Amino acid sequence: MLILFKLLKTSYLKVFQTVSELRQYLLDASNLGKTPIGFVPTMGALHAGHLALITASKQQAGLTVCSIFVNPTQFNDKSDYDKYPMQTDADLEMLLHAGCDVAFIPAVSEIYPGGTDAGATVDLGYIGSTLEAAHRPGHFEGVVQVVKRLLDIVEPDLLFMGQKDFQQCMVVQRLIDAFGLPVKLVVCPTEREADGLAMSSRNMRLTPDERAAAVKLSQALFYIRDHFRTEDPEKMIAEQTVQLNADPLIRVEYIAITDGRTLEPVTAPKPGRTVALIAAKVGDIRLIDNIILQQ
Ligand code: AMP
């Protein structure tokens, strides 16, 4: 079904729910020279972080497609999936205002017509077993499955993703390399609230007290960034973990200082890309964040 979502008299957002209609539209657009195609996959509950990806796509692409699909196969925790925020009307309004050309909001049966068990797999090596992979078994297998399917449907030239999900970007680059897909991954910086908290759809589920506590995650990362050259990485990780866990609302799953190309732990400063990553529960809400310490 094609819906024309109209708010302003002159501006339209094309909204598709089926693969066949989306593909026909993209073929026609491509024939009209609306290229390159930029693609922003999301799970909805959009915020300024998502819109920054749309803006980046509009700057670099001739046509911008945004998908909104809460992918069941990447949730290792069923209640997290059940409670994932959904606000499709508000999302479409935001996409319209951001100047996105096409929204794709498929049902699960459109993405997985043969059921959720089939799909692409990639040997992720170490990045498939550490940090997020270790704490969310099956998560990246679900990410690989849905991103491959979405890339096959949209066939974009440019794929825009957020550094906020640092390990996910590495996984998707592996997927692109493994299948030799003709798409360029563009990683965009993390958008933050004024106090430093990384924007996330899950933030809207925080209570006021949890929201006040959540800012401590980014503060821990900023501390590590500011002291990375002078303090021992393992000592900083231990101290920041203790400090965060002193807040009864926070339970740290991991803080890691790693090689930004392999995710292997970095125990002493060395040349090359280095990144600090954190995952913690604030109340019942699991949040992640990261910061580049060195390019
Ligand atoms: P999600 O809807 O959470 O699956 O995110 C969709 C895309 O938006 C992913 O590429 C995320 O990395 C990206 N994203 C999420 N939060 C942010 C943020 N705060 N800044 C930049 N990109 C983000």
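Counting from 1, the numbers follow the sequence of the chain as shown. All of these numbers come straight from a predicted model, not from anything done at the bench. Every number for a ligand or one of its atoms is a count from 1 in the order of the listing.
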Report summary line: For atom 22 (N) of ligand 1, the closest protein heavy atom turns out to be Gly162 CA, 3.5 Å
Query - Minimum-distance protein heavy atom relative to atom 6 (C) of ligand 1 - result: Pro41 O, 3.3 Å
Query raised in the report: Would you say Ala45 contacts ligand 1, with heavy atoms under 4.0 Å as the rule?
Result: no
Query raised in the report: Only one of Asn245, Ile237, Leu217 clears side chain to side chain contact (heavy atoms under 4.5 Å, CB included) with Val252; which?
Result: Asn245
Query raised in the report: What atoms of ligand 1 come closer than 4.0 angstrom to any heavy atom of Gly49?
Result: 18 (C), 20 (N), 21 (C), 22 (N)
Query - Shortest reach to atom 17 (C) of ligand 1 by a heavy atom, considering only His47, Glu191, Arg202, Met43 - result: His47
Report summary line: One finds that the ligand 1 atoms under 4.0 Å from a non-hydrogen atom of Met199 are 16 (N), 17 (C), 18 (C), 19 (N)
Query raised in the report: Which salt bridge (Lys or Arg N to Asp or Glu O under 4.0 Å) pairs, counting each pair once, include a residue from residues 164-188, with sequence neighbours left out?
Result: none
Query raised in the report: Among Leu53, Asp165, Asp289, whose heavy atom sits nearest atom 12 (O) of ligand 1?
Result: Asp165
Query raised in the report: Thinking salt bridges, do Arg202 and Asp80 make one under a 4.0 Å N-O criterion?
Result: yes
Query raised in the report: Considering only protein heavy atoms, which is closest to atom 1 (P) of ligand 1, and at what distance to one decimal place?
Result: His50 NE2, 3.6 Å
Query raised in the report: Going by the order shown, which atoms of ligand 1 are within less than 4.0 Å of some heavy atom of Thr190?
Result: 19 (N), 20 (N), 21 (C)
Query raised in the report: Purely on distance, is any nitrogen or oxygen of Met161 under 3.5 Å from one on ligand 1?
Result: no
Query raised in the report: Does Ala48 come within less than 4.0 angstrom of ligand 1, counting non-hydrogen atoms of the residue?
Result: no
Query raised in the report: Hey, is Arg205 close enough to Glu210 for a salt bridge, meaning N to O under 4.0 Å?
Result: no
**Report entry** Aromatic contact, Phe39 with Phe160 (centres under 6.0 Å)
**Finding:** no
Query raised in the report: Hey, would you say the Phe104 and Phe69 ring centroids sit under 6.0 Å apart?
Result: no
Query raised in the report: What residue and heavy atom of the protein are closest to atom 21 (C) of ligand 1, and at what distance?
Result: Pro189 O, 3.4 Å
**Report entry** Smallest separation among heavy atoms of Thr88 and Ile105, with atom names
**Finding:** CG2-CD1, 4.1 Å
**Report entry** side-chain hydrogen bond (donor to acceptor under 3.5 Å, both in side chains) partners of Gln59, counting only residues at least two apart
**Finding:** none
**Report entry** Audit row: Glu132, Tyr254, side-chain hydrogen bond (donor to acceptor under 3.5 Å, both in side chains) steps and yes/no
**Finding:** CA-CA 9 Å; Glu132 285 302 284; Tyr254 63 78; 2.5 Å; yes
Query raised in the report: Just going by heavy-atom distances, which of Phe69, Phe166, Tyr84, Phe160 is nearest to atom 3 (O) of ligand 1?
Result: Tyr84
